**Student:** 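For reference, the structure I am asking about is given below.
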Amino acid sequence: MTMSGWLRLEALGLNENGARLLNPVNLTLTAGRTAILGANGAGKSTLLRLLHGLLRPSEGRLIWPTPLSQGMVFQRPAMLRATVLANVEYGLKIRGVESAERRRRAAAALAQVGLGDFAKRPARRLSGGEQQHVALARVWALEPQVLFLDEPTASLDPASSREVERIIGDIAAAGARIVMSSHNLGQARRLAEEVIFIDHGAVLEQTPAAEFFKQPGSEAARRFLRDEMP
Amino acid sequence: MQEFAASLALAAHLVSAGDARLAGIVSLSLGVSLGATLLACALGMPLGAWLAIGRFPGRHTLIVAFNALMGLPSVVAGLFLYLLLSRAGPLGGLGLLFTPTAIVIAQTFLIAPLIVALTRQLIEDAWQEYREQLRSLGARRTRAVATLLWDGRFSLSIVGLAGFGRAIAEVGAVMIVGGNIDGVTRVMTTTIALETSKGDLPLALALSLILIALVMGVNLFAALLRAWAARRWG
Ligand SMILES: Nc1ncnc2c1ncn2[C@@H]1O[C@H](COP(=O)(O)OP(=O)(O)OP(=O)(O)O)[C@@H](O)[C@H]1O
Ligand SMILES: [Mg+2]
């Protein structure tokens with residue numbers, strides 16, 4: 001079962017208005033923590049959207065051997081004009097979770113991301129970093145089996161980034177499979193077991209993280225590592 | 001000049017004394033325009049939301065058509081409704097011509113395109129921002145639309161206020177389908193037009209003062225609401 005992976009892509013590709021956004025690719029996701037790496041505009045967000053089912057592939061297909069519940073944290077999370085608590089409760093409400101239980105789970109999720117005191121604050125008035133934490137709590141409250149994260153620390157300072165990494169680690173430890181895009185190499189090194197490298201809409205390699213950082217398989221990845229290494 | 005000052009003094013007196021005739025006209029105006037605003041919002045907001053996120057053939061044409069309707073001259077709309085409602089017209093049997101209901105219909109007809117267009121723009125922008133997020137959280141389309149409408153509650157209220165401001169200032173169509181009958185269909189704008197032409201300036205001025213105060217009040221309230229909502233909810 002694990003050998004066959006929890007998600008398979010069969011010749012999955014995407015064209016939009018004649019532009020090729022993702023070359024058809026075969027992939028099998030088996031790892032618990034995968035990082036999608038690549039330069040700006042490489043197609044990381046596009047691939048995540050396809051995996052999460054927000055974009056319909058123009059060719060090939062996604063196969064979930066056993067259906068898994070999913071959540072996603074977006075590059076720029078959208079907050080409703082409501083309190084932080086109401087934002088976290090929203091997904092639970094849709095799932096018909098009864099109100100006392102909803103409140104309890106939302107409050108617990110907020111506490112887990114360190115925003116226990118923020119429950120009554122209007123969500124859109126929070127800073128970008130705080131909103132990113134709310135987005136994590138919002139998805140965590142749903143206890144997804146797969147969590148997609150699109151550059152979850154892109155605009156955060158080092159301290160918040162570390163905190164977000166800690167939270168992602170906790171979510172993974174609770175049993176969720178993590179697929180995360182990033183161009184922070186240190187972060188990918190710390191969090192990922194496996195790296196998918198993507199360049200100009202083409203998946204160039206899927207490599208165990210330790211190996212990828214030592215000796216990437218593609219020339220483009222070598223260049224990427226050289227350019228971005230601090 | 002002296003005559004104007006005297007008229008103004010008389011007008012002020014009419015307002016402060018709570019003149020019964022004046023009060024009747026003002027309350028009819030308010031009632032009719034409030035009714036038209038509610039009706040136009042009830043019809044126009046769902047329609048605007050549907051135009052914003054629906055994907056169906058002819059959508060673009062409909063959007064253009066509603067935008068064009070915004071520019072429809074009031075008297076032309078009035079004439080069109082007159083033909084519909086007059087005894088020989090297709091809706092003549094209802095006996096609505098020259099009643100307050102006819103005014104409500106005329107004002108609704110005139111402000112609905114504005115409400116449709118503003119709502120569509122608002123919901124389209126919100127949809128752009130929230131679509132994937134809401135879907136990711138598990139919201140189906142109907143739920144997502146309901147969420148967007150609730151999320152836009154302050155902006156939508158401001159759209160409603162803009163509609164009200166325009167409705168209460170309407171004159172051409174209201175004159176034609178209302179008939180400007182004393183005590184029945186005489187609203188502020190049509191009375192101002194009539195009394196001015198008759199030379200009864202104090203009443204016209206008194207109504208004008210009230211109308212200005214109302215329209216400015218509505219705009220001020222809209223601005224305050226906008227500022228408050230931005231400060232409170234972002
Ligand atoms: N709907 C679309 N139509 C046409 N081009 C698109 C569309 N969506 C994305 N693209 C293009 O596809 C490419 C990949 O975009 P994507 O957002 O996936 O990149 P990314 O790897 O996430 O980049 P970043 O690191 O900047 O977030 C970009 O060149 C982008 O302009
Ligand atoms: Mg991206």
Side-chain angles (χ1 to χ4, degrees), chain A residues 45-46 48-56 69-84 86-97 102 106 109 120-128 130-132 134-144 146-150, chain B residues 41 45 48-49 52-57 59-60 118-161 221-234:
Chain A
S45 299
T46 304
L48 282 171
R49 281 199 175 87
L50 276 165
L51 298 182
H52 190 34
L54 293 173
L55 292 175
R56 194 204 295 271
S69 64
Q70 314 168 27
M72 178 152 171
V73 174
F74 291 85
Q75 205 163 345
R76 264 168 298 161
M79 294 288 141
L80 296 170
R81 286 184 179 79
T83 61
V84 166
N87 267 278
V88 178
E89 281 188 39
Y90 183 78
L92 295 166
K93 199 166 163 186
I94 290 174
R95 282 161 183 73
V97 177
R102 206 160 71 205
K120 291 287 172 234
R121 301 259 298 265
R124 292 172 71 98
R125 305 293 324 262
L126 302 188
S127 77
E130 290 161 347
Q131 288 191 14
Q132 195 65 282
V134 176
L136 283 162
R138 180 160 67 180
V139 82
W140 199 352
L142 304 176
E143 294 166 5
V146 179
L147 177 57
F148 298 107
L149 301 117
D150 196 0
Chain B
C41 288
M45 286 181 178
I53 64 178
R55 291 290 168 267
F56 52 90
R59 170 177 171 269
H60 200 71
L118 293 176
T119 304
R120 182 191 59 79
Q121 191 61 55
L122 214 81
I123 298 295
E124 212 168 271
D125 293 349
W127 187 238
Q128 190 74 17
E129 184 185 347
Y130 286 116
R131 188 176 60 87
E132 293 197 328
Q133 180 75 70
L134 295 183
R135 197 160 143 215
S136 172
L137 289 170
R140 287 167 200 282
R141 218 175 168 77
T142 2
R143 160 82 70 164
V145 174
T147 302
L148 289 191
L149 290 172
W150 173 248
D151 201 70
R153 58 200 178 277
F154 302 113
S155 310
L156 288 172
S157 306
I158 290 164
V159 169
L161 288 171
F221 180 65
L224 290 175
L225 178 63
R226 189 194 306 274
W228 176 83
R231 201 157 6 87
R232 179 73 181 87
W233 295 109

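The sequence lines fix the lettering, A, B, ..., with proteins before strands; numbering per chain opens at 1. Computed from a prediction, not measured in an experiment: that's the story for all the values here.
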**Student:** Side chain, backbone, both or neither: which part of A:R121 has an atom under 4.5 Å from a heavy atom of chain B?
**Tutor:**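 Contact with chain B is absent: no heavy atom of A:R121 under 4.5 Å.
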**Student:** Counting only heavy atoms closer than 4.5 Å, note whether A:P144 contacts chain B via side chain, backbone, both or neither.
**Tutor:** neither
**Student:** So, do A:L142 and B:L137 sit near enough that their side-chain heavy atoms are less than 4.5 Å apart?
**Tutor:**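 Yes - at least one pair of side-chain heavy atoms lies under 4.5 Å apart.
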**Student:** Kindly check if the number of other-residue, nucleotide or ligand heavy atoms within 6.0 Å of CZ (B:R143) is above 12?
**Tutor:**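 Counting neighbours around CZ of B:R143, more than 12 heavy atoms of other residues, nucleotides or ligands fall under 6.0 Å, so yes.
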**Student:** Side chain, backbone, both or neither: which part of A:L80 has an atom under 4.5 Å from a heavy atom of chain B?
**Tutor:** both
**Student:** Please flag which part of B:A230 lies under 4.5 Å from any non-hydrogen atom of chain A: side chain, backbone, both or neither.
**Tutor:**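 B:A230 touches chain A through backbone heavy atoms alone.
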**Student:** Measuring only between side-chain heavy atoms, which start at C-beta, is A:M72 closer than 4.5 Å to B:Q133?
**Tutor:** no
**Student:** Output, in order, the C-alpha distance, side-chain angles, deciding distance and verdict of side-chain contact (heavy atoms from CB on, under 4.5 Å) for A:R125 and B:R232.
**Tutor:** CA-CA 8 Å; A:R125 305 293 324 262; B:R232 179 73 181 87; over 6 Å; no
**Student:** Would you call A:F148 and B:S136 a side-chain contact if the rule is heavy atoms closer than 4.5 Å?
**Tutor:** no
**Student:** Taking atom CH2 of B:W150 as the centre, report whether more than 12 heavy atoms of other residues, nucleotides or ligands fall under 6.0 Å from it.
**Tutor:**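 It does not: B:W150 CH2 has 12 such atoms or fewer within range.
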**Student:** Locate the shortest heavy-atom distance separating A:T83 from B:W233; write the atom from each residue and the value.
**Tutor:** N-CZ3, 3.5 Å
**Student:** Can you tell me how far the CD1 atom of A:I94 sits from the CZ atom of B:R140, to the nearest 0.5 Å?
**Tutor:** 10.0 Å
**Student:** Could you give the distance from CG (B:D151) to CZ (A:R124), rounded to the nearest 0.5 Å?
**Tutor:**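 Here the rounded value is 6.0 Å.
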**Student:** Taking A:R95 for its side chain and B:G138 for its backbone only, find out whether a donor-acceptor pair lies under 3.5 Å.
**Tutor:** no
**Student:** Measure the spacing between CD of B:E132 and NE2 of A:H52 and express it to the nearest 0.5 Å.
**Tutor:** 8.5 Å
**Student:** For A:A78 and B:E129, which heavy atoms make the closest approach, and how far apart are they?
**Tutor:** CB-O, 3.7 Å
